[in-house]
Colleague: 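Take a look at this one; I'll ask things after.
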Amino acid sequence: MNTQGRLGEDRRIPFRSSRFFCVGNKWYFTTREGFDSGPFASRERAEIGLKRFLHVVKLLPEEHQMH
């Protein structure tokens, strides 16, 4: 678990968990908004899926971006 603060955070560090989880032998990622995506064949594939998801979100107009 990351115990370092992020830019803009005060001294109190919120709980953080991994965005990746495994059910059976399939991998998934989750977003801050509670959206789960998968299944993926491996954690590495789930990481690629998350990177693609975040890339698409950055392409959205500001009013449609997930925060």
Side-chain angles (χ1 to χ4, degrees):
M1 178 173 72
N2 183 0
T3 58
Q4 294 182 326
R6 294 180 181 167
L7 184 64
E9 289 182 340
D10 59 13
R11 292 183 207 165
R12 192 165 159 232
I13 310 255
F15 175 78
R16 294 194 174 101
S17 62
S18 175
R19 286 190 177 204
F20 303 97
F21 61 97
C22 185
V23 177
N25 62 349
K26 301 294 182 181
W27 283 88
Y28 299 79
F29 70 83
T30 187
T31 68
R32 294 178 189 150
E33 296 77 21
F35 171 75
D36 296 338
S37 183
F40 296 92
S42 66
R43 181 183 171 115
E44 292 78 21
R45 294 283 186 172
E47 290 173 359
I48 292 168
L50 175 60
K51 287 178 185 176
R52 289 178 177 167
F53 172 81
L54 294 174
H55 176 74
V56 169
V57 168
K58 287 180 183 178
L59 296 175
L60 294 173
E62 183 69 29
E63 65 270 11
H64 291 98
Q65 288 189 11
M66 303 170 92
H67 295 282

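Numbers here are sequence positions counted from 1.
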Colleague: In this structure, would Val57 and Leu50 fall into the same cluster of hydrophobic residues linked by side-chain contacts under 4.5 Å?
Modeller: yes
Colleague: From Arg52 CZ over to Ser37 OG, what is the distance, rounded to the nearest 0.5 angstrom?
Modeller: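 Arg52 atom CZ to Ser37 atom OG measures 11.0 Å (nearest 0.5 Å).
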Colleague: Please report the C-alpha distance between Arg43 and Glu47 in whole Å, then the side-chain angles of each, then the deciding distance to 0.1 Å, and finally whether the salt bridge (charged side-chain N to carboxylate O under 4.0 Å, His left out) criterion is met.
Modeller: CA-CA 6 Å; Arg43 181 183 171 115; Glu47 290 173 359; 2.9 Å; yes
Colleague: Between Arg45 and Phe40, which heavy-atom pair has the shortest distance, and what is it?
Modeller: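 Residues Arg45 and Phe40, closest heavy atoms: O-CD2, 3.6 Å.
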Colleague: For Ala46 versus Trp27, what's the shortest heavy-atom pair and its separation?
Modeller: CB-CB, 4.0 Å
Colleague: State, to 0.1 Å, how close Gly24 and Cys22 come at their nearest heavy-atom pair, and which atoms those are.
Modeller: O-SG, 3.3 Å
Colleague: Do Phe29 and Leu54 share a hydrophobic cluster, counting only Ile, Leu, Val, Met, Phe, Trp and Tyr and linking them when any side-chain heavy atoms are less than 4.5 Å apart?
Modeller: yes
Colleague: For the residue pair Phe53 and Phe35, does the interplanar ring angle fall in the parallel (under 30°), tilted (30 to 60°) or perpendicular (over 60°) class?
Modeller: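 The arrangement is parallel - the two ring planes meet at less than 30°.
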Colleague: What residues join Val56 in its hydrophobic cluster, counting side-chain heavy atom gaps under 4.5 Å, either direct or through other members?
Modeller: none
Colleague: Which ILVMFWY residues can you reach from Tyr28 by hopping between side chains whose heavy atoms are under 4.5 Å apart?
Modeller: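 Tyr28 clusters with Phe21, Val23.
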